[in-house]
Undergrad: 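Dropping the structure in here first, questions after.
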2 protein chains.
Amino acid sequence: MARPLSPKLSLDLIAEEALALIDSGQPFGVNALARRLGVTPSSLYSHVSGRDEIVELVRARMIPDVGMHPDPTLPWDEALQATLWAQRRMYASHPHAILLLVELTITSPDVVAFYARLADLLTDAGFPESDVLPIIEMLDALAIGFGIDQASPSAIWQTSDTSSRFGRLLAAAEQGDGRSDHAFELALSLLIDALRRRLEGIH
Amino acid sequence: MARPLSPKLSLDLIAEEALALIDSGQPFGVNALARRLGVTPSSLYSHVSGRDEIVELVRARMIPDVGMHPDPTLPWDEALQATLWAQRRMYASHPHAILLLVELTITSPDVVAFYARLADLLTDAGFPESDVLPIIEMLDALAIGFGIDQASPSAIWQTSDTSSRFGRLLAAAEQGDGRSDHAFELALSLLIDALRRRLEGIH
DNA sequence: ACCTGAACACCGTTCAAGT
DNA sequence: ACCTGAACACCGTTCAAGT
């Protein structure tokens, strides 16, 4: 029972099951993945160079979700807003993926293509070349920061202190997705507003 | 040679050496830390409940750095800017710490106190109560996002494509700290500007 | 080409034993 | 109270062997 007549594994299968494992909330690992695939851990190394490549496969599989790519027919600010919300929905669907993705350099062409479209959007909107990359990095930082916020245990801050202003704020605050969504909405409207003003200042 | 006359370990020593290990760039772990301390891994469990508590000790040790706490004598926008830059400098000094910190709930009273001061700053500035926590979360997301940006390998995006606009932007971009600092500066000025405008709109 | 099974050098944690 | 050393159930990866 060494080599089967038809392969038991494929890159697609590996990526799919890896994402399923991640979404299940159990810790991601080569061994756990192999177990799910009904295969020995070492079998995976016939298809993949190791753990990192599996994570890259997962990243590539997450991106093509609906609505990620900016719509070029929309005004830049609306297109930007829609894209960032789509990105947020993506991270929301796979909250446990983000910490895995964040420590690897992005190599998937699909993902690079996404950022390239974002760059085109900003350039076409009229932002100077020197602004484009910093803005993208800023948006990326925000998306990652909020993505992690969503992945974190529901309470970021844990305190029994209800006497201070902050303690009372925490006690009165929304919990879970609502809290995080609210903050994201505020951040997005503030930033796009600021970008709009910056663009007006230029022209 | 079981129990020594004077203890070989202490919480302070553990935290100090843990941070040193993290800053060295080597992967953080209980075993590696014990090796550095000249001690058996199991010895650590006489002082600490496990890996997570060690990470919390590190967090508490990182915060009291100079300039972190907002200065109440300054105008709110200047105090906010100074605090966020201080926070950024902190993450810059310990780039490898952030991914460890990010997955644990904050329990250290010192750290909670820092966020409490931030809440006071915003309330005193005149922001409505319902704004304060979302704004703090937004700032936190930004700090974390940029912190991770700094911890990442110098190139976030890796592409050989120099024909597209994005490819050329990447090729022409600053490298390393300068790139990240530039984006952070832009983000901060945009956000504080937007906050200032929001405050004016309220009063 | 593709899988298995044994092996390797690691993890984090527990626990009896020693002083 | 505080450390050691052995043990446990895990990691990710390599490699010879099998078809």
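Chain letters run A, B, ... following the sequence lines, proteins first and then strands; every chain starts at 1. Because the structure is a prediction, the values reported are computed rather than measured.
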Undergrad: Measure the distance from CG on B:Leu11 to P on D:dC2 and round it to the nearest whole Å.
TA: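 So the two atoms are 10 Å apart, to the nearest Å.
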Undergrad: Nearest whole angstrom, please: distance from the C1' of C:dA1 to the CG of A:Leu9.
TA: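 Computing the A:Leu9:CG to C:dA1:C1' distance gives 12 Å.
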Undergrad: CG of B:Leu21 versus P of C:dG12: gap in Å, rounded?
TA: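 After rounding, the gap between these two atoms is 10 Å.
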Undergrad: Could you check how far CD1 of B:Ile14 sits from C1' of D:dC2, rounded to whole Å?
TA: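 After rounding, the gap between these two atoms is 11 Å.
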Undergrad: Return the nearest nucleotide to the side chain of B:Ser43; candidates are D:dC3, C:dC15, C:dC3.
TA: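 Nearest to the side chain of B:Ser43 among the choices is D:dC3.
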Undergrad: B:Ser42 has a side chain; which of D:dA6, C:dG12, D:dG12 sits nearest to it?
TA: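 Taking heavy atoms from C-beta onward, the closest nucleotide is D:dA6.
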Undergrad: Between A:Leu44 (CG) and C:dA1 (C1'), how many Å, whole number?
TA: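 Going from CG in A:Leu44 over to C1' in C:dA1 covers 15 Å.
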Undergrad: Kindly confirm or rule out a cation-pi arrangement of B:Arg88 over B:Phe184, judged by NZ or CZ under 6.0 Å from the six-membered ring centre and within 45° of its axis?
TA: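 Cation-pi check for B:Arg88 and B:Phe184: passes.
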Undergrad: Please give, in whole Å, the distance from D:dG12 P to A:Leu104 CG?
TA: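 These atoms are roughly 13 Å apart.
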Undergrad: Relative to the ring of B:Phe114, is the ring of B:His69 parallel (under 30°), tilted (30 to 60°) or perpendicular (over 60°)?
TA: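 Rings of B:His69 and B:Phe114: perpendicular, over 60°.
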Undergrad: Determine whether the side chains of B:Ser10 and B:Asp12 contain a donor N or O and an acceptor N or O closer than 3.5 Å.
TA: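 No, no side-chain donor-acceptor contact under 3.5 Å.
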Undergrad: From the set C:dC11, D:dG5, D:dC11, return the single nucleotide nearest to any side-chain atom of A:Arg35.
TA: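 Minimum distance to the A:Arg35 side chain belongs to D:dC11.
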Undergrad: Is there a side-chain contact between A:Ile148 and B:Ile148, using heavy atoms and a 4.5 Å cut-off?
TA: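 A:Ile148 vs B:Ile148: side chains touch.
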Undergrad: If you compare every side-chain N and O of A:His47 against the phosphate oxygens of C:dC3 (OP1, OP2), does one of them come in below 4.0 Å?
TA: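 Affirmative; the distance criterion is met.
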Undergrad: Could you give the CG-to-P distance, from B:Asn31 to C:dC11, as a whole number of Å?
TA: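 That distance rounds to 5 Å.
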Undergrad: Should B:Arg196 and B:Asp193 count as an ion pair when the cut-off is N to O under 4.0 Å?
TA: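 A salt bridge is present here (some side-chain N lies under 4.0 Å from a carboxylate O).
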Undergrad: Closest to the A:Lys8 side chain: C:dC3, C:dT13, D:dT4?
TA: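 Of the options given, the side chain of A:Lys8 lies nearest C:dC3.
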Undergrad: Across all strands shown, which nucleotide pairs with D:dA9 by Watson-Crick or G-U wobble geometry, both distances under 3.5 Å?
TA: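 Across any shown strand, D:dA9 pairs with none.
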Undergrad: When you measure from the side chain of B:Thr40, which nucleotide among D:dC2, D:dG5, C:dC2 comes out closest?
TA: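 The closest nucleotide is D:dG5.
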Undergrad: For C:dA17, which nucleotide is its Watson-Crick or G-U wobble mate, given both distances must be under 3.5 Å?
TA: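 Paired with C:dA17, as far as the under-3.5 Å criterion goes, is no nucleotide at all.
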Undergrad: Taking only the side-chain heavy atoms of A:Val30 (C-beta and beyond), determine which of C:dT14, D:dT13, D:dC2 contains the nearest atom.
TA: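 Per side-chain heavy atoms of A:Val30, the pick is D:dT13.
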Undergrad: How many Å lie between OH on A:Tyr45 and P on D:dA16, as a whole number?
TA: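 Taking OH of A:Tyr45 and P of D:dA16, I get 17 Å after rounding.
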